[in-house]
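Numbers here simply count residues along the sequence, with the first being 1.
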Amino acid sequence: MAIIDIKQTFLVPMKIGLLLYSGCIPSGLFAFSDMLLAANTRTGTKQFEFCWLSEQGAPVSCANGVELPSVRLGGAKIDGLLIPGAWRDSSNIHTEEDSALVQSIARLDRSIPVMSYCTGVYLAARAGRLDGQVATTTWWLLQSIRERFPKVRWQINSTFMDSRRNSTAAGVNGYLPMALSLIERHCGKHIATDIQQYMVLPRPLERNTPFRELPQLMQQNTFLRDVFYWVEQASYTEMTATALAEHLKTTPRTLSRKIATMTGHSCSRLLRLIKLNQVSDLLISTGKSIYAISDELGFADDTSLRRSFKQITGMTPGEYRRRFG
């Protein structure tokens, strides 16, 4: 009977492929690899390795203009694949340029876990890697992705879904819970907790608030981005559908119809959500008083802010700060 060297087996590093494709956002891939290197440093052993992969195995031009070298996905020996998102919206989420890449992902051995986040989830779904599984994705993709991939059990109320086979996450920061989960499984919970603390990483908590959908909603198209930018600059007391319609050179009726179709919200509710999301950000990230926040964002007074905030969130600003701050 052969004798297995347990120490040597334990030290065999897990190799993660970081997938590159034209226009992808590389920041999450860099951050993910940094967390793997942190795990190696914390344990004093080489727990992880990573490599840059692409469909053709040639240098790839990413979203920020950086060109990164890569090896061919089909010929790489890896223990997991990470698929990042790209700067896309609902009008160009499906591109024929991705067809060869999707086929390469589909041919990947089924024993190799696929991790995808943001619009990268769409590529994993197109490759058939999520069929019959529970998965999540970026909020604004929900309608189109449900229609196109009905075999996937979409759980849009969760920002991260993890399994031994595949994992998915919403948003461009979806790599964070994936990396922590991978490190916890491979190295232990205490190592993942240490890395989170030492690197001062945000806790990947579920924040099931009315504002959770807004970052993804803003990415849906340029029209909604213009709405967001205008509301964020406007004073709360001067924030009306009529003023916004005038700014966008349309009629209030057309504006309301477009917003309802794109978001499922009335115009007045969307405007309130965007402005109160600014309140939420200031409550979480600063120690400013409610009075100061009210004055900064143009509320009539702090009483008006408190009343509007509780109507939307079900919590007072103070309760919200204690819970999420």
Side-chain angles (χ1 to χ4, degrees), residues 16-38 50-71 73 76 78 80-102 104-105 113-127 129-130 135-142 144-145 156 159-161 166-182 199 201-202 204 212-222 224-225 228-229:
I16 304 298
L18 307 177
L19 187 63
L20 299 171
Y21 57 95
S22 180
C24 71
I25 303 173
S27 57
L29 299 179
F30 282 113
F32 188 93
S33 61
D34 283 340
M35 293 174 69
L36 300 188
L37 293 176
F50 62 88
C51 60
W52 300 96
L53 303 176
S54 69
E55 191 274 323
Q56 294 185 337
V60 176
S61 180
C62 302
N64 55 4
V66 172
E67 188 173 83
L68 295 172
S70 67
V71 298
L73 172 61
I78 54 175
L81 179 71
L82 180 65
I83 308 176
W87 288 117
R88 298 181 180 180
D89 56 34
S90 55
S91 66
N92 67 350
I93 185 64
H94 175 77
T95 67
E96 290 306 319
E97 294 179 6
D98 295 330
S99 296
L101 174 63
V102 168
S104 293
I105 298 171
V114 171
M115 301 166 281
S116 57
Y117 62 94
C118 194
T119 60
V121 176
Y122 200 94
L123 296 175
R126 280 183 63 184
R129 296 299 304 232
L130 304 179
T136 189
T137 186
T138 297
W139 183 89
W140 57 266
L141 274 174
L142 175 60
S144 62
I145 210 166
I156 204 62
T159 56
F160 176 54
M161 299 298 300
N166 298 296
S167 56
T168 53
V172 293
N173 291 326
Y175 67 85
L176 175 57
M178 285 183 173
L180 289 174
S181 177
L182 180 65
M199 297 183 73
L201 300 173
R212 180 175 162 270
E213 68 186 76
L214 293 181
Q216 291 80 23
L217 192 61
M218 185 181 182
Q219 296 175 27
Q220 188 168 332
N221 53 52
T222 56
L224 286 178
R225 284 194 284 275
F228 272 74
Y229 294 149

**OP:** Would you give the length of the straight line joining atom CD1 of Ile25 to atom OH of Tyr117, rounded to the nearest 0.5 angstrom?
**Re:**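 Rounded to the nearest 0.5 Å, the CD1-OH separation comes out at 7.5 Å.
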Original post:
Measuring from Leu101:CG to Arg126:CZ, what's the distance to the nearest 0.5 Å?
Top reply: 8.5 Å
Would you call [X] and [Y] a side-chain contact if the rule is heavy atoms closer than 4.5 Å?
| X | Y | value |
| --- | --- | --- |
| Phe32 | Asp34 | no |
| Ser70 | Gln56 | no |
| Leu82 | Phe50 | no |
| Leu180 | Phe160 | no |
| Ser116 | Leu123 | no |

Using every non-hydrogen atom in the two residues, find where [X] and [Y] come nearest and quote the distance to one decimal.
| X | Y | value |
| --- | --- | --- |
| Ala169 | Met178 | N-CE, 3.5 Å |
| Thr136 | Ala170 | CG2-N, 4.2 Å |
| Ser104 | Glu55 | OG-CG, 3.4 Å |
| Arg88 | Ser22 | NH2-O, 4.4 Å |
| Leu53 | Ala76 | CD2-CB, 3.5 Å |
| Met115 | Gly80 | CE-C, 4.5 Å |

Subject >> Sole residue of Thr138, Thr137, Leu130, Val114 in side-chain contact (heavy atoms from CB on, under 4.5 Å) with Thr168 >> reply: Leu130
Original post:
What pairs with Ser181 under side chain to side chain donor-acceptor pair (under 3.5 Å), at least two apart in sequence or on another chain?
Top reply: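 For Ser181, the residues satisfying side chain to side chain donor-acceptor pair (under 3.5 Å) (neighbours in sequence not counted) are Asp162, Arg185.
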Original post:
Do any N or O atoms from the side chain of Ser54 and from the backbone of Tyr21 form a donor-acceptor pair under 3.5 angstrom?
Top reply: no
